Amino acid sequence: MIKVRRVWLIRHGQSESNAGLPTNGPGASPLTARGHEQAAQTAAAFTAPPDLIISSPFTRARQTAQPTMERFPEVPYEQWPVEEFTFLGRLHGPQTTTQQRRPFAESYWERLDPAYVNGGDGESFHALITRVHAFLDRLADRPEDGLIAVFTHGLFLKAVIWSLFTGVTHPDATAMRAFRRFNGTCDIPNCTVTELWRPSGPYGFRVVPGGTTHLPQPPIPRQPASSAHLD
């Protein structure tokens, strides 16, 4: 019998930052009322309990995971470093909106320097890709079969998909440019589920296209992600 590790990568529900409201740093933005509804709809989409529930430590991801944790209280919960790519560092200041931060985001991506640390305490693009591969390795090391639910963020999720497609582990400027282009052509609405499969054998994880059938309303189109800044 072929054993399969299944992973649901779930982007958090609509946050106040997604709604254009000011936030107090990259990890503090809570869900909106609509985001809480999306989180409840996601919890209802599970046809059986997952084997493990994971979330990032950021507020919006933990709040999105909460209804699933309440529906399956017997399932273990862990926080893993699957938080959003916080490349702005201290430039992601208190009480600022995505629109206000956009010029800083554009400037960061135009540098095309994977090792650059913005604002003195931002995360470099190279560190993001390293974190992505550490996450995939940790998933692959899980001993049990079945489903793992991971509540994470847009840019981190895209970095996972892009890394699996390209195999890049040490990005240079060309790779960083390619990721920015990928980000601009790949849309992941709030609470979209993107599934990974990892069958036993010589191959690694496979990407299964995401779904939003558990959401009763179609996703609302957003502005192009030219700045690669999703929150």
Side-chain angles (χ1 to χ4, degrees), residues 3-15 18 26-27 29-31 35-36 38-86 123 127-165 183 186-199 204-215 219 230-231:
K3 296 182 179 181
V4 177
R5 155 64 60 222
R6 296 174 59 218
V7 181
W8 277 15
L9 300 176
I10 306 164
R11 187 185 173 201
H12 60 79
Q14 185 192 61
S15 68
N18 297 150
S29 179
L31 296 183
H36 283 290
Q38 292 170 332
Q41 292 156 5
T42 298
F46 288 86
T47 57
D51 293 277
L52 176 65
I53 299 170
I54 296 168
S55 84
S56 95
F58 284 9
T59 299
R60 55 196 181 276
R62 290 188 287 106
Q63 289 180 332
T64 306
Q66 189 63 37
T68 300
M69 295 164 58
E70 292 174 354
R71 184 184 174 195
F72 304 112
E74 73 283 1
V75 175
Y77 165 72
E78 299 177 5
Q79 284 187 18
W80 286 17
V82 294
E83 65 271 16
E84 187 58 293
F85 180 30
T86 55
E123 183 178 27
L128 168 67
I129 300 306
T130 298
R131 182 158 60 92
V132 162
H133 284 281
F135 164 68
L136 291 170
D137 288 344
R138 188 173 179 182
L139 283 177
D141 287 341
R142 297 295 301 191
E144 71 275 19
D145 299 310
L147 176 64
I148 295 177
V150 182
F151 293 85
T152 182
H153 303 259
L155 279 177
F156 184 82
L157 207 162
K158 290 184 181 185
V160 170
I161 297 170
W162 181 81
S163 295
L164 289 172
F165 283 169
N183 174 70
C186 176
D187 204 6
I188 300 179
N190 294 110
C191 278
T192 294
V193 176
T194 298
E195 187 165 347
L196 303 183
W197 288 357
R198 192 176 192 277
F205 283 107
R206 304 174 186 177
V207 179
V208 181
T212 57
T213 56
H214 56 289
L215 302 175
L230 286 179
D231 288 322

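Note that the coordinates shown come from a computational prediction; the quantities given were computed from them, not determined experimentally. Count residues from 1 along the sequence.
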Donor-acceptor contacts under 3.5 Å from residues 132-141 side chains, at least two apart:
| residue | atom | partner | partner atom | Å |
| --- | --- | --- | --- | --- |
| H133 | NE2 | V168 | O | 2.8 |

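- No side-chain donor-acceptor contact under 3.5 Å links T59 to the backbone of P30.
- Partners of A45 by side-chain contact (heavy atoms from CB on, under 4.5 Å), not counting sequence neighbours, listed by chain and number: H214.
- No donor-acceptor pair under 3.5 Å is formed between the side chain of R60 and the backbone N or O of H153.
- The salt bridge (charged side-chain N to carboxylate O under 4.0 Å, His left out) search around R62 returns none, not counting sequence neighbours.
- Taking CZ of F156 as the reference point, atom CG of L9 lies at 8.5 Å (rounded to 0.5 Å).
- How far OG1 of T42 is from CD1 of I10: 6.0 Å, rounded to the nearest 0.5 Å.
- Contacts of P76 classified as side-chain contact (heavy atoms from CB on, under 4.5 Å), with partners at least two apart in sequence or in another chain: L52.
- Annotation: the span from E84 atom CD to L155 atom CG amounts to 4.5 Å, rounded to 0.5 Å.
- Residues passing the side-chain hydrogen bond (donor to acceptor under 3.5 Å, both in side chains) test with T152: none are found, sequence neighbours excluded.
- I188 has its side chain within reach of I161: a pair of non-hydrogen atoms, C-beta onward, lies under 4.5 Å apart.
- Rounded to the nearest 0.5 Å, atoms CZ (R206) and CG (L196) are 12.0 Å apart.
- Partners of Q66 according to the side-chain contact (heavy atoms from CB on, under 4.5 Å) rule, which considers only residues two or more places apart in sequence or in another chain, are M69, E70.
- The side-chain hydrogen bond (donor to acceptor under 3.5 Å, both in side chains) check on S29 picks up nothing, with sequence neighbours excluded.
- Note that OG1 of T64 and CZ of F58 are 13.0 Å apart. Values are rounded to the nearest 0.5 Å.
- Scored by the side-chain hydrogen bond (donor to acceptor under 3.5 Å, both in side chains) test, E78 finds W80 as partners (sequence neighbours excluded).
- The side-chain heavy atoms of V7 and R198, taken from C-beta on, include no pair separated by under 4.5 Å.
- When all heavy atoms of C191 and A39 are compared, the pair lying nearest together is SG-N, 4.0 Å.
- With sequence neighbours excluded, the residues forming a side-chain contact (heavy atoms from CB on, under 4.5 Å) with A127 are E123, S124, listed by chain and number.
- Applying the side-chain hydrogen bond (donor to acceptor under 3.5 Å, both in side chains) test to Q63 and every residue at least two apart in sequence or in another chain returns nothing.
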